[in-house]
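Taking it in order: structure first as structure tokens, then the write-up.
All heavy atoms count here, side chains included; hydrogens, waters and symmetry mates do not. Heads up: numbering here begins at 1 and tracks the sequence.
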Amino acid sequence: MNPLTTTLTLHLLVCMSLTATSEAAIKMHRARVVVTNYLNGGLDLTIHCKSKNDDLGVLVLHPHNDFKFSFRPNFWGTTLIYCSMSWDSELHWFDIYIDNRDLNKCNDACRWIVQEQGPCLFNRTSNKYDICYPWNQSSMTMKNIN
């Protein structure tokens with residue numbers, strides 16, 4: 001191998017190593033999620049969050065109270081945490097943390113408010129909860145079951 005090829009190869013290996021190291025450092029951070037009950041009419045929110053490997057338990061949130069948890073997203077960028085949320089006669093599901101959706105949107109924490117229409121994520125640019133999503137398709141009204 002000639003000296004130029006050796007030098008270019010060495011530079012390429014160093015760049016690849018630095019990129020892999022920085023990506024690994026990003027994935028090793030602790031992600032935080034905060035979910036706040038913003039339901040109308042003073043309703044309590046029952047929330048149950050899980051990932052593939054962990055069950056965070058069932059909690060009842062009174063109006064304007066929140067549920068906070070933290071975790072380390074996996075290296076592959078496939079971390080998913082989903083929650084069932086129920087109140088009155090409603091039962092809904094939502095993916096509260098999806099790594100490729102939330103990693104760059106959340107700074108110190110993914111801050112959500114839960115309203116009847118669906119959850120809204122805090123937008124650091126507008127300083128408002130204006131990134132709103134619909135409930136997952138499997139959500140249902142318990143009135144339809146009975």
Within the distance-only criterion (no hydrogens, no angle test), does the side chain of Asp102 pair as donor or acceptor with the backbone N or O of Ile98 below 3.5 angstrom?
->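 Pair found, side chain donor or acceptor close to backbone of Ile98.
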Is Glu90 reaching over with its side chain to a backbone N or O of Glu116, donor-acceptor style, under 3.5 angstrom?
->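 Checked: no pair found.
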Path from Tyr97 to Leu59 over hydrophobic side-chain contacts below 4.5 Å = yes
Are Ile81 and Leu103 connected, step by step, through hydrophobic side chains (Ile, Leu, Val, Met, Phe, Trp, Tyr) whose heavy atoms are closer than 4.5 Å?
->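 Shared cluster, yes.
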Can you say whether the rings of Trp135 and Trp87 are parallel (under 30°), tilted (30 to 60°) or perpendicular (over 60°)?
-> tilted
Using the six-membered ring wherever Trp is involved, compare the ring planes of Tyr82 and Trp93 and label them parallel, tilted or perpendicular (cut-offs 30° and 60°).
->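 Correct class here is tilted.
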Hey, could you give me the [atom1]/[atom2] distance between [X] and [Y], rounded to the nearest 0.5 Å?
X      : Y      : atom1 : atom2 : result
Gln117 : His92  : CD    : NE2   : 9.5 Å
Lys105 : Cys110 : NZ    : SG    : 9.5 Å
Leu80  : Asn100 : CG    : CG    : 10.0 Å
Cys132 : Ile113 : SG    : CD1   : 6.5 Å
Ile96  : Leu121 : CD1   : CG    : 8.5 Å
Lys50  : Ser84  : NZ    : OG    : 8.0 Å

Around atom NZ of Lys68, are there more than 12 heavy atoms of other residues, nucleotides or ligands at under 6.0 Å?
->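 12 or below, so no.
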Mind checking what makes side-chain contact (heavy atoms from CB on, under 4.5 Å) contact with [X], not counting sequence neighbours?
X      : value
Asn123 : Thr125, Ser126, Asp130, Ile131
His64  : Tyr38
Asn104 : none
Lys52  : none

Write down the atom of [X], the atom of [Y], and the distance for their closest heavy-atom approach.
X      : Y      : answer
Cys106 : Arg124 : C-NH1, 3.6 Å
Arg32  : Ser70  : CG-CB, 3.7 Å
Met85  : Ile47  : CG-CG1, 4.1 Å
Gly77  : Asp99  : CA-OD2, 3.0 Å
Asn136 : Asp95  : ND2-OD1, 3.4 Å
Thr79  : Pro73  : OG1-CA, 3.2 Å

Begin from the C-alpha positions of Asn127 and Phe122 and carry the test side chain to side chain contact (heavy atoms under 4.5 Å, CB included) through to its verdict.
-> CA-CA 7 Å; Asn127 244 9; Phe122 184 75; 3.2 Å; yes
Does [X] reach the side chain of [Y], with side-chain heavy atoms less than 4.5 Å apart?
X      : Y     : result
Val114 : Val35 : yes
Thr46  : Val58 : yes
Phe71  : Leu56 : no
Asp55  : His48 : yes

Could you walk me through whether Val60 and Leu45 pass the side chain to side chain contact (heavy atoms under 4.5 Å, CB included) check?
-> CA-CA 6 Å; Val60 175; Leu45 172 68; over 6 Å; no
Ring pair (Phe, Tyr, Trp, His ring centres under 6.0 Å) contacts touching residues 99-118 (sequence neighbours left out) =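 Qualifying pairs, neighbours excluded: Phe94-Trp112, Trp112-Tyr133.
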Hey, mind stepping through Asp54 and Phe69 against side chain to side chain contact (heavy atoms under 4.5 Å, CB included) and telling me if it holds?
-> CA-CA 12 Å; Asp54 296 301; Phe69 60 93; over 6 Å; no
Apart from Val34 itself, what residues make up its hydrophobic cluster when side-chain heavy atoms of I, L, V, M, F, W and Y under 4.5 Å apart count as a link, directly or indirectly?
->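 Via sub-4.5 Å side-chain contacts, Val34 links to none.
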